[in-house]
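Let me begin by presenting the structure, written as structure tokens, before commenting on it.
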2 protein chains.
Amino acid sequence: MDISIGELSRRAGVKVPTIRYYEGIGLMPETSRTEGKQRRYDATHVARLNFIRHARELGFEVEAIRELLDMSGQPDTSCEEADRIARRHLDEVDRRIAKLEALRGELTRMISECGHGRVAECRVIQVLADHDQCAHDRH
Amino acid sequence: MDISIGELSRRAGVKVPTIRYYEGIGLMPETSRTEGKQRRYDATHVARLNFIRHARELGFEVEAIRELLDMSGQPDTSCEEADRIARRHLDEVDRRIAKLEALRGELTRMISECGHGRVAECRVIQVLADHDQCAHDRH
DNA sequence: GGTCGTGCCTCCAGCACCTGGAGGTTCTAG
DNA sequence: CTAGAACCTCCAGGTGCTGGAGGCACGACC
């Protein structure tokens, strides 16, 4: 195969500047070029970029993806590390969900208590303004 | 009152460089200075910064906070706009939660199916590598 | 083989929201 | 008066891209 960066972009669903950015940070390898300096890719690059895209969609950080890619290149080693990375990330996702649920609760309450009158009585504004105690208590 | 930036930082729970940053982007006003050019604040600044911090904790974007601050300065106008901003943000939070829940499902499945053997059979790596079809189907 | 249009190249600036360091000045307690 | 903490400005960096400017390459068609 002999794929241009635009074609790779289409096949993997990743924008062209993003591919170049991934090359810059070492997630994608520097690849062979045409005489006119244009990048040429093959099927292995499509697979790698798909791997990266999917990991990003799952919210893995670039550092974690780097490690996962290294691992997938060593199929005979233990996958303990991959498991650890995934669990760590799951914990992080759980934390984010918990935090957002709490926000959602507060926002919902704020909105439902808003009497739709003047700003002076607006619950939304009040909650934001009056949080001195709460915030200090929790720290 | 006659508060230094460090004292303001402690009272509002916002780091000193962040306060200066907020001044730079216009969330906090430029304030009076001592002869030696050091910033001096009063109770209204503490309240304003608390408002900002709490709004940030609730995930409001800086632009939204700017609007909310403007509103809280006009207590006799309708709070319709505040309500709208809060609802818009709630929708956004709902979207983020939904997305994270989906991720959580996929991550949990991935981890539970991992046989803890070699990378070659690792479900975590496989899921990331084999998503060509899925991804293309959805587009 | 010339030309046209699209796609590619590099470089750099910007987004959101801070964070921290360097190098220098000011405040304040003892 | 002096020591040291806290302040000042300016600027670079971090995360993960994104897009524009200005210029060259590719390939299809005539």
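Given the structure is predicted, the values throughout are model-derived calculations rather than measurements. Numbered from 1 within each chain, the chains take letters A, B, ... in sequence-line order.
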May I ask you to evaluate whether [X] reaches the phosphate of [N], defined as a side-chain N or O under 4.0 Å from OP1 or OP2?
{"X": "B:Y21", "N": "C:dT19", "result": "no"}
{"X": "A:S4", "N": "D:dC26", "result": "no"}
{"X": "B:T18", "N": "C:dT19", "result": "yes"}
{"X": "A:T34", "N": "D:dC26", "result": "yes"}

Electrostatic pair [X]:[Y] at N-O distance under 4.0 angstrom:
{"X": "B:E23", "Y": "B:R20", "answer": "no"}
{"X": "A:D91", "Y": "A:R95", "answer": "no"}
{"X": "B:R53", "Y": "B:E57", "answer": "yes"}

Please report, rounded to the nearest Å, how far the [atom2] atom of [N] is from the [atom1] atom of [X].
{"X": "B:R39", "N": "C:dT25", "atom1": "CZ", "atom2": "P", "result": "17 Å"}
{"X": "A:Q38", "N": "C:dT6", "atom1": "CD", "atom2": "P", "result": "16 Å"}
{"X": "A:R53", "N": "D:dG16", "atom1": "CZ", "atom2": "C1'", "result": "16 Å"}
{"X": "B:R33", "N": "C:dT25", "atom1": "CZ", "atom2": "C1'", "result": "13 Å"}
{"X": "B:K37", "N": "C:dG24", "atom1": "NZ", "atom2": "P", "result": "19 Å"}
{"X": "A:I5", "N": "D:dT18", "atom1": "CD1", "atom2": "C1'", "result": "14 Å"}
{"X": "A:I3", "N": "C:dG7", "atom1": "CD1", "atom2": "C1'", "result": "16 Å"}
{"X": "B:R20", "N": "D:dT9", "atom1": "CZ", "atom2": "P", "result": "7 Å"}

Counting heavy atoms not belonging to A:R66, are there more than 12 under 6.0 Å from its CZ? yes
Taking the side chain of [X] as its heavy atoms from C-beta onward, which of [options] lies nearest to it?
{"X": "A:R56", "options": "C:dC8, D:dC17, C:dT19", "value": "D:dC17"}
{"X": "B:P17", "options": "D:dC17, C:dG20, C:dC18", "value": "C:dG20"}
{"X": "A:K15", "options": "D:dT9, C:dC8, D:dG19", "value": "D:dG19"}

Residue whose nearest DNA chain D nucleotide is more 5′ - A:E61 or A:R40: A:E61
Test log, rule salt bridge (charged side-chain N to carboxylate O under 4.0 Å, His left out), inputs B:R88 and B:E92: CA-CA 6 Å; B:R88 181 162 32 96; B:E92 177 60 32; over 6 Å; no
